[in-house]
Amino acid sequence: MHEGHEQMFRRRFFVSTLLSIPVLLYSETLQEWLGFSVPAFPGSEWINPVFAIIVFAYGGVPFLRMAVPELEDRTPGMMTLISMAITVAFVYSLASVVFPTASTFFWELVTLIDIMLLGHWIEMRSVRRASSALDELAKLLPDTAERITEDGGTEEVPVNELGEGDLVLVRPGASVPADGVVEEGDSDVNESMITGESKPVSKEPGDEVIGGTINGDGSLRVRIAATGDETTLAGIMRLVEEAQESESRTQQLADRAAGWLFYIALAVAIVTGIAWTIAVSFNATVIERVVTVLVIACPHALGLAIPLVVAINTSLAAQNGMLIRDRIAMEQARELDTIIFDKTGTLTKGEQGIVDVETVEDIDEDEALSLAAAVEGDSEHMIAQAVREAANERNLDAPAATGFEALKGRGVRATVDGATIHVGGPNLLSHLDTDVPSALTAFAERAGEDAQTVVYLLRDGTPVAAFALADVVREESYQVVDALHELGIEVAMLTGDSEDVANAVADDLGIDTVFAEVLPEDKDKKVTELQEQGKLVAMVGDGVNDAPALTRADIGIAIGSGTDVAVQSADIILVQNNPLDVVRLVKLSKASYRKMKENLAWAAGYNVFALPLAAGVLAPIGILLSPAVGALLMSLSTVIVAINAQFLRRVDLSLPSLPGVTAQQTAQPAD
């Protein structure tokens with residue numbers, strides 16, 4: 001729609017401007033002002049009225065047509081004001097032909113229409129550019145895909161013919177045609193258009209891929225899991241479209257102000273007409289003053305002030321992995337008093353990791369981890385996974401293990417290099433009735449104070465090492481708490497874990513309020529507690545288990561992978577599983593609201609200044625605005641508002657610039 005209007009206004013502006021040139025050249029007023037003359041010829045006196053009528057019919061009538069819906073809905077606005085101004089100017093111009101004693105008004109009419117067309121062209125162009133997020137998202141999906149046939153060959157098919165379960169080949173550099181799971185191949189995939197994260201993500205068999213992302217150097221075979229409207233990209237597009245169509249409270253205020261301005265302008269025009277009629281009697285000057293008032297009052301700037309900022313805000317948010325479902329929530333984010341984070345999976349990684357190691361005798365940490373990884377090689381237990389991951393991070397090679405046996409409720413046992421190796425917790429020690437070295441006992445006590453889990457490594461029945469495991473706190477969590485504190489926002493944490501575990505994490509991060517041992521069905525009650533204290537509360541969770549709390553909060557923020565975009569309980573969805581994006585959100589909300597206020601202040605302040613000037617309050621000292629100058633000032637106001645809104649694109653949302661975010665920190669355990 002915006003592109004069609006943009007082309008229409010652009011075309012009519014250039015044609016009308018071209019047709020206006022003869023009118024300007026044969027205007028006696030301009031000739032007198034600028035000191036030039038043009039040759040007269042028989043019939044030249046008709047140049048101004050004929051060309052002015054053509055300009056009005058071609059460039060002015062569209063405004064009249066667009067004013068009809070406003071009048072039918074009894075909601076006069078910008079188009080009604082423009083139509084009034086050019087209609088009065090047109091009628092006055094025709095009257096100047098019938099009554100030769102009246103001064104001509106043709107050049108003011110054509111320049112007024114030209115400037116109005118120019119202003120609308122600039123407006124439509126700006127809005128169209130700002131609203132390009134959907135078009136850019138739609139371009140991410142390829143038109144065709146290479147589907148692998150039963151005989152192992154490939155066939156090129158339209159993407160809309162793919163079905164769930166189809167196997168497709170994604171060549172290096174190609175776009176993934178739909179959401180799916182990698183069955184074969186290894187590659188790095190660029191997901192920046194979906195997550196906002198520029199670093200490519202490594203993909204191997206079993207990993208999920210998102211339709212529209214760009215494959216790297218490797219070749220992938222992907223089993224399609226979702227197509228059409230069920231894909232992540234389709235979900236993102238729906239959310240962006242909802243955000244662009246929704247109105248914020250500030251935008252609603254601007255819309256109402258435009259309506260008020262119509263009645264104010266009409267009243268000022270009537271008062272101006274009466275006052276000038278009393279002062280100088282009814283003549284061309286009176287009409288000129290009335291027309292100037294109506295031109296000045298055209299709410300171009302006011303009508304553009306908020307929608308353009310909203311469109312740019314939505315586009316920036318989508319580019320940075322923030323999907324806005326509710327414009328009011330985005331606007332409210334700047335006023336947040338408290339942000340509640342769910343602990344597991346949000347502030348922490350939601351998985352066990354080895355955070356400390358203690359050894360005795362002649363064994364070192366690397367050897368202890370290698371032995372433990374060898375024994376745990378065939379186990380799927382979360383402790384086994386944590387051991388193997390810790391060994392992989394240190395690039396350790398686990399020796400071969402034989403005779404693996406799971407000891408129910410105690411641990412595991414296997415033979416490594418002829419030695420019997422056990423890995424397990426305190427129950428294993430009790431079962432084997434073995435003495436624990438004092439160093440390992442002290443280590444276990446310290447870990448217990450920090451709410452960590454301890455498992456032991458035994459070689460031939462003797463404890464030689466102990467590992468402390470905990471849900472690892474994300475390194476970003478330290479930064480986000482500091483950043484929110486610098487923004488004056490309190491941070492709370494909500495978890496079902498014990499008081500000891502919750503307090504340990506809260507103390508480590510510097511969190512202000514802790515809600516521990518909270519059942520999922522009671523999480524929303526904790527949100528209510530803070531709201532009853534008069535606080536504006538946001539809840540940050542995974543969007544599934546935290547749905548009641550997300551709904552109850554003033555602003556619900558779902559944080560997680562791109563597959564969570566369909567979560568209906570959240571107002572705002574952060575595609576990346578990164579709590580720092582909450583700070584981005586608050587910063588963008590503050591910057592957007594600041595631009596809205598600046599634009600509204602300019603638009604309103606412009607009218608407060610210009611309307612009295614247009615009415616002629618400075619006429620006694622010789623200052624009068626012509627309608628054409630009024631149109632120029634009005635369009636200038638529109639351009640300034642449009643340019644100011646574009647400055648929002650310069651807001652730096654990169655992580656190093658955020659409050660409280662410094663150099664990268666080492667991940668710490670959830671003590």
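Note that the structure is predicted; figures quoted are calculated from it, not measured. We're numbering straight along the sequence, starting at 1.
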Considering only NZ, NE, NH1 and NH2 on the basic side and carboxylate oxygens on the acidic side, decide whether Arg459 and Asp362 come within less than 4.0 Å.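 The answer is yes: the pair qualifies as a salt bridge.
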Validation row: [X], [Y] side chains within 4.5 angstrom (heavy atoms):
X      : Y      : answer
Val157 : Leu162 : yes
Asp417 : Pro399 : yes
Ile339 : Ile557 : no
Phe467 : Asp356 : no

Return yes when atom CZ of Arg10 has more than 12 non-hydrogen atoms of other residues, nucleotides or ligands closer than 6.0 Å, and no otherwise.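 Not more than 12 within 6.0 Å, no.
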Is it true that, when you exclude Asp143 itself, more than 12 heavy atoms of the residues, nucleotides or ligands shown sit nearer than 6.0 Å to its CG? no
Please determine whether side chain to side chain contact (heavy atoms under 4.5 Å, CB included) holds for the pair Val582 and Phe341, giving the CA-CA distance in whole Å, both sets of side-chain angles, and the decisive distance to 0.1 Å. CA-CA 10 Å; Val582 176; Phe341 288 89; 4.0 Å; yes
Without swapping roles, check the side chain of [X] against the backbone of [Y] for a donor-acceptor pair under 3.5 Å.
X      : Y      : answer
Lys587 : Asp652 : yes
Asp571 : Gly556 : yes
Asp179 : Ala225 : no
Ser589 : Met330 : yes
Asp151 : Gly153 : yes
Asp508 : Ala504 : no
Asp522 : Val518 : no
Asn215 : Gly218 : yes
Arg584 : Leu653 : yes
Arg474 : Thr348 : yes

Rounded to the nearest 0.5 Å, how far does [atom2] of [Y] lie from [atom1] of [X]?
X      : Y      : atom1 : atom2 : value
Leu167 : Arg147 : CG    : CZ    : 11.0 Å
Asn427 : Leu432 : CG    : CG    : 11.0 Å
His422 : Leu458 : NE2   : CG    : 7.0 Å
Ser370 : Leu457 : OG    : CG    : 10.5 Å
Leu369 : Asn392 : CG    : CG    : 10.5 Å
Glu204 : Leu220 : CD    : CG    : 11.0 Å

Under the side chain to side chain contact (heavy atoms under 4.5 Å, CB included) rule, what do Ile363 and Leu371 come out as? Steps first, then yes or no, please. CA-CA 10 Å; Ile363 190 172; Leu371 289 173; 3.9 Å; yes
Could you check Gln646 against Arg649 for side-chain hydrogen bond (donor to acceptor under 3.5 Å, both in side chains), going step by step and ending with a plain yes or no? CA-CA 6 Å; Gln646 293 295 333; Arg649 296 185 182 276; 3.0 Å; yes
Nearest heavy-atom pair of [X] and [Y]: which atoms, and what distance?
X      : Y      : answer
Val454 : Ala466 : CG1-CB, 4.1 Å
Leu429 : Pro463 : CD2-CG, 4.2 Å
Ala553 : Val527 : CA-CG1, 3.6 Å
Ser175 : Val170 : O-CG1, 4.1 Å
Glu376 : Ala384 : OE1-CB, 3.2 Å
Thr495 : Ala502 : CG2-CB, 3.7 Å

Assess whether side chain to side chain contact (heavy atoms under 4.5 Å, CB included) is satisfied between Val176 and Ile210, documenting all intermediate values. CA-CA 7 Å; Val176 179; Ile210 302 172; over 6 Å; no
Going by side-chain contact (heavy atoms from CB on, under 4.5 Å), Leu484 matches just one of Asp482, Val480, Val481. Which one?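 It is Val480, the one option of Asp482, Val480, Val481 that forms the side-chain contact (heavy atoms from CB on, under 4.5 Å) with Leu484.
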Salt bridge (Lys or Arg N to Asp or Glu O under 4.0 Å) assessment of Arg413 paired with Glu405: CA-CA 5 Å; Arg413 175 177 59 198; Glu405 181 182 359; 2.2 Å; yes
Side chain to side chain contact (heavy atoms under 4.5 Å, CB included) between Asp581 and Asn320, intermediate numbers included: CA-CA 9 Å; Asp581 285 342; Asn320 286 275; over 6 Å; no
